[in-house]
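Below, each value reflects all heavy atoms present in this structure, side chains not excepted, and no hydrogens, waters or symmetry copies.
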Amino acid sequence: MSVSLPEGKILDEADEQEIGRRGEVEPATVAGRAVVALADTLVDAGVGFVRCWFPWKYFEPFPVPEASLDQLLEKSYPQWPMDDLVNTLTSRGVGVVPVIACGYQRMLPQGLEPDPDRELYLKRVSIHTQLMVRHYKGQIKSWQIENEPNWWAEHEAGGWRSGLAWVHEHGFRHKLLQTLNDTVHREDPSARTIINLEADAMVLNPGLYSSNCDILGLDFYPNYKLSHPINTKVLKLADQVAKKLSKPVMVSETGYPSGPSVLAYSAESQAKYVADSCRESYGLDGVTGIGIWRYIDTAWRSFPPQENHFGLFDNKGNPKTAWSEFSKVIKELK
């Protein structure tokens, strides 16, 4: 079972009262206290792992000059802003599954994109990934490489990615995923790689990606456009893919928004979807885990409006009905 962290600072909108209620000794920073509160909440619920972004720009705000890349590989990054998260969660028995080297423009070092030099981008990706895996070897067992590669053109059209490489890729997609997969395994042979695909897409073709990962992830949002009927039967596709490919498959992302009410979404329907999707996935032999998107609503506004309501907590850190149901169903299934 899993929940996913928000983008940006870790739980920067967490409720201060909840943070203050947890523990006798509090870390010095708001982020540190938030991570401790997060760990307590996840352990109480029985959550097994958290899947979350590790934005490249957190470690490398600006692209390291090309002439200094080999030195970077030897010296490593000067700061590791995700250490508190990884150390705290893993010490409490909650696994961390990072999404690394995601090409969303808001997550890359400033000004970096694959074009015009795709080979240089691949070198940068390899070095960044090698440093990440080396630093967290022994703590992190599974790495998601990139994000929804079967949906890159749509990401570019929506403004999430920048550059022709995501649209007219001419083999770039395969090279990038192969580079990421090979780099993770070269640095840590015991690690597992995950490629997640947008499973609501008309053309899924999971066989294209299965050779470059250990686990295939599928992302389902069957009620993204229509609030009803609530549909969890689509998750059976994950079981079909697992059996066809003879490869472990997980539901990397799925979720249902609690609003806006004008579109007939509600907290009660969200809770039902979360509980039903967990039970549905648990009953499928080929499915190894499920991740609910997302842990907390963002503080900023996104479009379409339902994007702002997928959290199991609101953006002040208050639990929604779905969190209670999620916690109950975890204990029921375990």
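- Residue pairs satisfying the salt bridge (charged side-chain N to carboxylate O under 4.0 Å, His left out) criterion with at least one member in residues 126-151, sequence neighbours excluded, are listed as follows: Arg134-Glu187, Glu146-Arg161.
- Each of Trp151 and Met107 belongs to its own hydrophobic cluster when Ile, Leu, Val, Met, Phe, Trp and Tyr are linked at side-chain heavy-atom distances under 4.5 angstrom.
- Arg124 and Pro63 make their closest contact through NH1-CB, 3.8 Å (heavy atoms, listed as atom of the first residue, atom of the second, distance).
- Using a 4.0 Å cut-off between charged nitrogen and carboxylate oxygen, Lys123 and Asp70 count as a salt-bridge pair.
- Between atom CG of residue Leu284 and atom CG of residue Leu237 there is a gap of 10.5 Å, rounded to the nearest 0.5 Å.
- Scored by the ring pair (Phe, Tyr, Trp, His ring centres under 6.0 Å) test, Tyr256 finds Tyr265, Tyr273 as partners (sequence neighbours excluded).
- Ring geometry for Tyr224 versus Tyr221: interplanar angle over 60°, hence perpendicular rather than tilted (30 to 60°).
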Stepwise, does the side-chain contact (heavy atoms from CB on, under 4.5 Å) test hold for Ile215 with Val249?
-> CA-CA 6 Å; Ile215 302 169; Val249 171; 5.9 Å; no
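- No side-chain donor-acceptor contact under 3.5 Å links Asn231 to the backbone of Pro222.
- Residues Leu180 and Thr193 are not in side-chain contact: their nearest non-hydrogen atoms beyond the backbone lie 4.5 Å or more apart.
- The two residues Gln144 and Val97 come nearest to each other via the heavy atoms N-CG1, 4.4 Å.
- Between Leu218 and Val251, the closest side-chain pair of non-hydrogen atoms is not below 4.5 Å.
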Step by step, would you call Trp143 with Arg192 a side-chain contact (heavy atoms from CB on, under 4.5 Å)?
-> CA-CA 6 Å; Trp143 298 86; Arg192 297 167 296 185; over 6 Å; no
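- Between Lys175 and Glu169, every side-chain heavy-atom pair lies at or beyond the 4.5 Å cut-off.
- With values rounded to the nearest 0.5 angstrom, Met82 atom CE is found 11.5 Å from Asn87 atom CG.
- Contact annotation: the side chain of Arg301 never approaches that of Glu307 to less than 4.5 Å [non-hydrogen atoms, C-beta and beyond].
- A donor-acceptor pair shorter than 3.5 Å cannot be found between the side chains of Thr183 and Gln130.
- Contact between Ser258 and Gln270 at its shortest, heavy atoms only, is CB-OE1, 3.4 Å.
- Note: Trp152 and Phe172 have tilted aromatic rings, judged against thresholds of 30 and 60 degrees for the angle between ring planes.
- When the side chains of ILVMFWY residues are joined at heavy-atom separations under 4.5 Å, either directly or via intervening members, Leu120 and Leu177 end up in a single hydrophobic cluster.
- Counted by atom type alone, Asp83 and Tyr136 present one or more donor-acceptor pairs between their side chains at under 3.5 Å.
- A single hydrophobic cluster is seen to contain both Leu333 and Ile292, as judged by linkage of ILVMFWY side chains at heavy-atom distances under 4.5 Å, directly or through other members.
- The closest side-chain heavy-atom distance from Pro305 to Leu263 is below 4.5 Å.
- Between the side chains of Tyr58 and Gln79, not a single donor N or O lies within less than 3.5 Å of an accepting N or O.
- Residues Arg186 and Asp182 are not paired through a salt bridge, judged by the lack of any N-O separation under 4.0 Å between the basic side chain and the carboxylate.
- Contact of the Arg33 side chain with the Val30 side chain is registered, since non-hydrogen atoms from C-beta on lie closer than 4.5 Å.
- Within the 4.5 Å cutoff, no side-chain heavy atoms of Pro319 are placed close to those of Leu312.
- In the displayed structure, Lys75 atom NZ is contacted under 6.0 Å by at most 12 heavy atoms of other residues, nucleotides or ligands.
- With a 4.5 Å cut-off on side-chain heavy atoms, Glu113 and Tyr121 do not count as touching.
- With hydrogens and angles left out, the side-chain atoms of Ser210 and Lys247 include no donor and acceptor closer than 3.5 Å.
- With 3.5 Å as the limit, one finds a donor-acceptor pair spanning the side chains of His128 and Tyr77.
- Of the possible donor and acceptor atoms, one in the side chain of Lys320 sits under 3.5 Å from a partner among the backbone N and O of Gly311.
- Within a 6.0 Å sphere centred on CD of Gln139, heavy atoms belonging to other residues, nucleotides or ligands number more than 12.
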CA sep, side-chain torsions, deciding dist, call: Ile194, Ser252, side-chain contact (heavy atoms from CB on, under 4.5 Å) | CA-CA 9 Å; Ile194 303 167; Ser252 286; 4.3 Å; yes
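- In this structure, a donor-acceptor pair under 3.5 Å is present between the side chains of Asn147 and Asn196.
- At a cut-off of 3.5 Å, with distance as the only test, no side-chain donor of Gln306 or Asn223 sits close to an acceptor on the other residue.
- Between atom NZ of residue Lys233 and atom CG of residue Asp276 there is a gap of 8.5 Å, rounded to the nearest 0.5 Å.
- Side-chain N or O atoms of Arg92 include none that pairs as donor or acceptor with a backbone N or O of Val94 at under 3.5 Å.
- The aromatic rings of Phe59 and Phe54 sit tilted relative to each other, their planes meeting at an angle between 30° and 60°.
- Rounded to the nearest 0.5 angstrom, Asn181 CG and Asp214 CG are separated by 6.0 Å.
- Distance alone, capped at 3.5 Å, places no donor-acceptor pair between the Asn150 side chain and the Leu197 backbone.
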Can you list the steps and then say if His155 with Trp166 is a ring pair (Phe, Tyr, Trp, His ring centres under 6.0 Å)?
-> CA-CA 8 Å; His155 293 168; Trp166 309 116; 8.8 Å; no
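- The same ILVMFWY cluster, assembled from side-chain heavy atoms under 4.5 Å apart, contains both Val64 and Val125.
- Side-chain N/O atoms of Thr129 and Ser126 include no donor and acceptor closer than 3.5 Å.
- A side-chain donor-acceptor contact under 3.5 Å links Asn318 and Asp314.
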Under the salt bridge (charged side-chain N to carboxylate O under 4.0 Å, His left out) criterion, do Lys316 and Asp297 qualify, and how do the steps go?
-> CA-CA 8 Å; Lys316 299 298 182 183; Asp297 289 338; over 6 Å; no
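- Between the side chain of Thr29 and the backbone N or O of Gly32 there is at least one donor-acceptor pair closer than 3.5 Å.
- Between Trp53 and Tyr104, the ring-plane angle classifies as tilted under the 30° and 60° cut-offs.
- In terms of hydrophobic clustering, with Ile, Leu, Val, Met, Phe, Trp and Tyr side chains grouped at heavy-atom distances under 4.5 Å, Leu122 and Val167 are assigned to different clusters.
- The two atoms that bring Thr88 and Ser91 nearest to each other are O-OG, 2.8 Å, heavy atoms only.
- Under a 3.5 Å cut-off, the side chain of Ser266 and the backbone N or O of Ser269 do form a donor-acceptor pair.
- Atoms SG and NE2, from Cys213 and His185 in turn, are 9.0 Å apart once rounded to the nearest 0.5 Å.
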Evaluate the criterion side-chain contact (heavy atoms from CB on, under 4.5 Å) for residue pair Lys236 and Glu280; output intermediate values, then yes/no.
-> CA-CA 8 Å; Lys236 291 181 178 179; Glu280 183 76 32; 3.2 Å; yes
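- Summarising the geometry of Cys278 relative to Phe326, their closest heavy-atom pair is SG-CE1, 3.8 Å, with the distance given to 0.1 Å.
- With 3.5 Å as the limit, one finds a donor-acceptor pair spanning the side chains of Glu60 and Trp56.
- The two residues Leu235 and Ser281 come nearest to each other via the heavy atoms CD1-OG, 3.5 Å.
- For the residue pair Thr232/Ser277, the side-chain donor-acceptor check at 3.5 Å is not satisfied.
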